[in-house]
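Working notes for the structure below.
Lettering follows sequence order; numbering is per chain, from 1.
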Amino acid sequence: MPSTASIERLAAILSSDRFLTQPEALSAYESDGLTAFRTRPLGVAIPETADEVIALVRACRDTGIPFVARGSGTSLSGGSLPVSGGIVIAMNRLNRILRLDPEDRVAVVEPGVINTQVTAAAAPFGLHYAPDPSSQSICTLGGNVAFNSGGAHCLKYGMTSNHVLGLKAVLATGEVVEWGGPGRERLGPDWCGLFTGHEGLFGVVLEITLQLLPRAECFHTVLAGYRTLEQAGDAVAAVIAAGLLPGALEIMDALALEAARAAVHAEYPPGCEAVLIVELEGPRETVAEERVRLESILAAGNPVAMRPARDAAERLAIWKGRKSAFSAVGRLSPDFIVQDGVVPRRRLGEALRRIAALSQESGLRIANVFHAGDGNLHPLILFDGRQPGALARAEAVAGSILKLCVEMGGSITGEHGIGVEKREFLTDLFSPDEVDVQKRIRAAFDPDGIANPGKMFPGTGAPALTHHGLHPLEREGVIFRE
Amino acid sequence: MSAPLRPQTLAELAEAVRSAARIVAVGAGTKPRLSAVEGTRLSTAGLTGLVEYEPEEFTFTARAGTPLRDLAVALAERGQYLPFDPPLVAAGATLGGAVASGLSGPGRYRFGGIRDFILGVRFVDGAGRLLRLGGKVVKNAAGFDVPKFLCGSLGRFGVIGEVTFKVFPRPVSALTLRLYAADPVERLKIIRALGRSRYEPEAVEGVPDHCDLWVRLAGPESALAALASEILTRFPGLREAGTEDPLEVLRELSWAAASDTWVKVPLSPDHSVAFTTELAALDGVSHQVGAGGSVGWIAIRESASVPAVRDLLERFGLEGMTVRGDAPLWWARRPRPAIESAVKLALDPCHRFPPLDS
């Protein structure tokens, strides 16, 4: 444990009401969106300025006390799980949009700004910030940068990294760096690209320059119901083969539909076992032409029903059902684990059949909601944590799903990151040399291993897996696990 | 100079890197200044071909030495393309060279540059290890994003052997408008208006040594006609006639002479005004403003103009990189943070690859 003098040095940086050490105050920070893990930190620092963050990181460097930066704590991979004997740096008060430049379509924000606040600020100028993780109404951009968050529009628009133009950060060495800026082009290696997705292992981001995109003039959203999941998958393949580039392509299976019906009274065509949502966007003339093509492609796939949204309200209703599916599953089961794997799109059908087989073998129900456009699966494994061994069985199924994603040429995470949850699977994806080179890069940024230690790399001080049920905000349907 | 190393397989690539104390990777040599450094030359010319191409996945994997024009043909057969328009395709540029140089062309305006389409890489680090980072699927958050990092890395951190890219369906038709601008201020106004418009242009490019803009629209033919006529009622201009794509001179940098010194200068749109005003006043210098004012290209014909160009960049806080010609690699480079040397050392512990500053 660090000495009292060391802790006092950290505490002295902030006023006493912004350095929490009382057990009751710390308990709120013990866990994040991955509620199966819980660790009590030594203290929680609540800085209000970038200079305070820099001073905290430098004091951690000098005293060897590890730190974990945290935004809203929505990480689904346990990325912001505290480190025992370390502090949490709560970034929520660095929440100012420093500059919004509609002319050059750029926003400069502090890391505690909430994802949707950027689009809200940009909307009056006809602009938006594209990445839309499902927790976007609460997750912070600092967390989005740390984990390279995704969303429902990644095939066309990419992930967080594709929208970060510049960064200012304090590294674990105490060095403050600035890379990139408002321009779209740069020289030399892509430092912003390397930093985005660092999972908190390099340091703490202080300022983020984001690109804003013009909001599409026109959207056309179609919901198609199918008798089988496979038919829905085939429809996706047909849309892609036709050369269309929809903004979003999403599938929900029967169990997910049942949940959405129960939770938000979403209406789906009777008799369908799977629903496909396709959204086209662009100038009205382009959408008018493409919607005709889309509808003939979908009709050829023999859907039970096809429902184009006739207005903005109907479009919102379709998305509400989709975005609520995860918390809705909470109504079907006391607990669930959401997995985040990627398979090549052409192997979606095979992946889903194998997931169904795992469900049968384990006796655990699995709902599937996924970003079909980019092959990003989100199987929800339902279990009852009150039954002894149920969590372990669910974890085992989750692990098998990740392994099948790797085997099929995909990835163990599309958008949640490795964090604590998947670090034992890192070696399924990377050879020892490949893990080593990443450790070397990490050591360049953080030679003492004080920035979010115990994450991403396997076998480093595993916290106990315990069962704590749904995140309170998840129960209320504020945040969603995907 | 001895003949370059010429590995034929990725295993041979790793072996070649281990075989010499100083390694300089070269592709087709279309951007010669980037590899004009002392060391044993390692050519990727033997590492060619598509390894995997899955049109329905929107992805392909190819060896680093594959000429981009071969890839463009293979993609076009399946109605796909690399939307970021890597430059110098006709000149013979290779895929690995495109990644290492980090250069993108006019198409980067709509969906982003080369760094936005790279998904995975196999490369050899300074310890001579063949490593695979990133992945082969369009969405992936596992591990540090080394593939992105290597975009623009100029062979200073590793030698690229194989790359996986995301591709998009090629729009069914395209057309180019030329919009008139009397001066760079008016050009900036048009750039900004288009940036927030409903038109979703593919490219917004300055005409070389001129204030007019080329605006390229892509999509279904009937939609383009309507969009084009609306744009031309808002901004004076014309529709470029003929089947040739006028932007081809920009992709090939053929508006400049091969003997010129070519310098890439990242800009923000507001800098584009001074960039054009000042460069237009210099003798023996041509220039172009691209990607909606995000990048400037300078082509220096007469070396007497070099000090004036350097002075211009310094005054406006702009940095430059020489792609071709006999000039220092970096122009007006800002001080490098310590972490950049530390990461260089992490990937290249025995200084096998060229230093960052030359």
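- The contact between A:Q438 and chain B is made by backbone and side chain atoms together, counting heavy-atom distances below 4.5 Å.
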Worksheet item: Is there a side-chain contact (heavy atoms from CB on, under 4.5 Å) between B:V343 and A:F445 once you walk through the steps?
Response: CA-CA 8 Å; B:V343 171; A:F445 283 91; 3.6 Å; yes

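- A:E178 does not touch chain B: none of its heavy atoms, backbone or side chain, sits under 4.5 Å away.
- Looking at B:R333, the atoms closer than 4.5 Å to chain A (heavy atoms on both sides) all sit in the side chain, from C-beta outward.
- Within the 3.5 Å criterion, the main-chain N or O of B:S222 finds no donor-acceptor partner in the side chain of A:E285.
- Put simply, the side chain of A:R346 reaches to within 4.5 Å of the side chain of B:E54, judged on heavy atoms.
- B:Y199 is not listed as a side-chain neighbour of A:P214, based on a closest heavy-atom distance of 4.5 Å or more.
- Remark: the backbone N or O of A:L155 is paired with a side-chain donor or acceptor of B:K166 at under 3.5 angstrom.
- Not one N or O on the side chain of A:R105 forms a donor-acceptor pair closer than 3.5 Å with the backbone of B:R196.
- Under the ring pair (Phe, Tyr, Trp, His ring centres under 6.0 Å) criterion, B:F84 pairs with B:F117, B:F165, sequence neighbours left out.
- For a residue to count as touching a neighbouring chain, one of its non-hydrogen atoms must lie under 4.5 Å from one of that chain's; by this rule B:R108 touches chain A with the side chain only.
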Practice prompt. Check the pair A:D374 / B:F58 against side-chain contact (heavy atoms from CB on, under 4.5 Å), numbers first and verdict last.
Written response: CA-CA 9 Å; A:D374 50 37; B:F58 287 178; over 6 Å; no

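- Both the backbone and the side chain of B:E340 come within less than 4.5 Å of a heavy atom in chain A.
- In this structure, chain A has no heavy atom under 4.5 Å from any part of B:E52.
- Residue contact with chain A, scored on non-hydrogen atoms closer than 4.5 Å, involves the side chain of B:R110 exclusively.
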Item to complete: Go through the steps to decide whether A:R440 and B:D125 satisfy the test salt bridge (charged side-chain N to carboxylate O under 4.0 Å, His left out), and finish with yes or no.
Response: CA-CA 12 Å; A:R440 291 178 64 90; B:D125 72 357; 6.0 Å; no

Worksheet entry | Candidate pair A:V437 and B:L347, rule side-chain contact (heavy atoms from CB on, under 4.5 Å), full reasoning | CA-CA 7 Å; A:V437 79; B:L347 286 161; 3.4 Å; yes

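- Both the backbone and the side chain of A:P102 come within contact range of chain B, judged by heavy atoms closer than 4.5 Å.
- Here the side chain of B:R198 pairs no donor or acceptor atom with the backbone of A:E217 at under 3.5 angstrom.
- Contact of B:D116 with chain A is made through backbone and side chain together, with heavy-atom distances under 4.5 Å.
- Only the backbone of B:S197 has a heavy atom closer than 4.5 Å to any heavy atom of chain A.
- Using a 4.5 Å cut-off between heavy atoms, B:L345 touches chain A through its backbone atoms (N, CA, C, O) alone.
- Listed for the A:E175 side chain is a donor-acceptor partner under 3.5 Å among the backbone atoms of B:A338.
- The closest donor-acceptor contact from the side chain of B:R115 to the backbone of A:S161 lies under 3.5 Å.
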Item to complete: Verify side-chain contact (heavy atoms from CB on, under 4.5 Å) between B:K264 and A:L187, making sure each step is shown before the conclusion.
Response: CA-CA 8 Å; B:K264 175 189 168 179; A:L187 299 176; 3.7 Å; yes

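- Heavy atoms closer than 4.5 Å to chain B are found in the side chain of A:N376, but not in its backbone.
- Looking at B:A291, neither its backbone nor its side chain comes within 4.5 Å of chain A, counting heavy atoms on both sides.
- Residue A:L213: no heavy atom, backbone or side chain, is found under 4.5 Å from chain B.
- Side chain to side chain, A:E185 and B:S294 fail the donor-acceptor criterion of an N or O pair below 3.5 Å.
- A 4.5 Å side-chain heavy-atom check between B:K148 and A:F195 finds every atom pair outside the cut-off.
- With a 4.5 angstrom heavy-atom cutoff, B:L150 does not touch chain A via any of its atoms.
- Both the backbone and the side chain of B:I339 have a heavy atom closer than 4.5 Å to some heavy atom of chain A.
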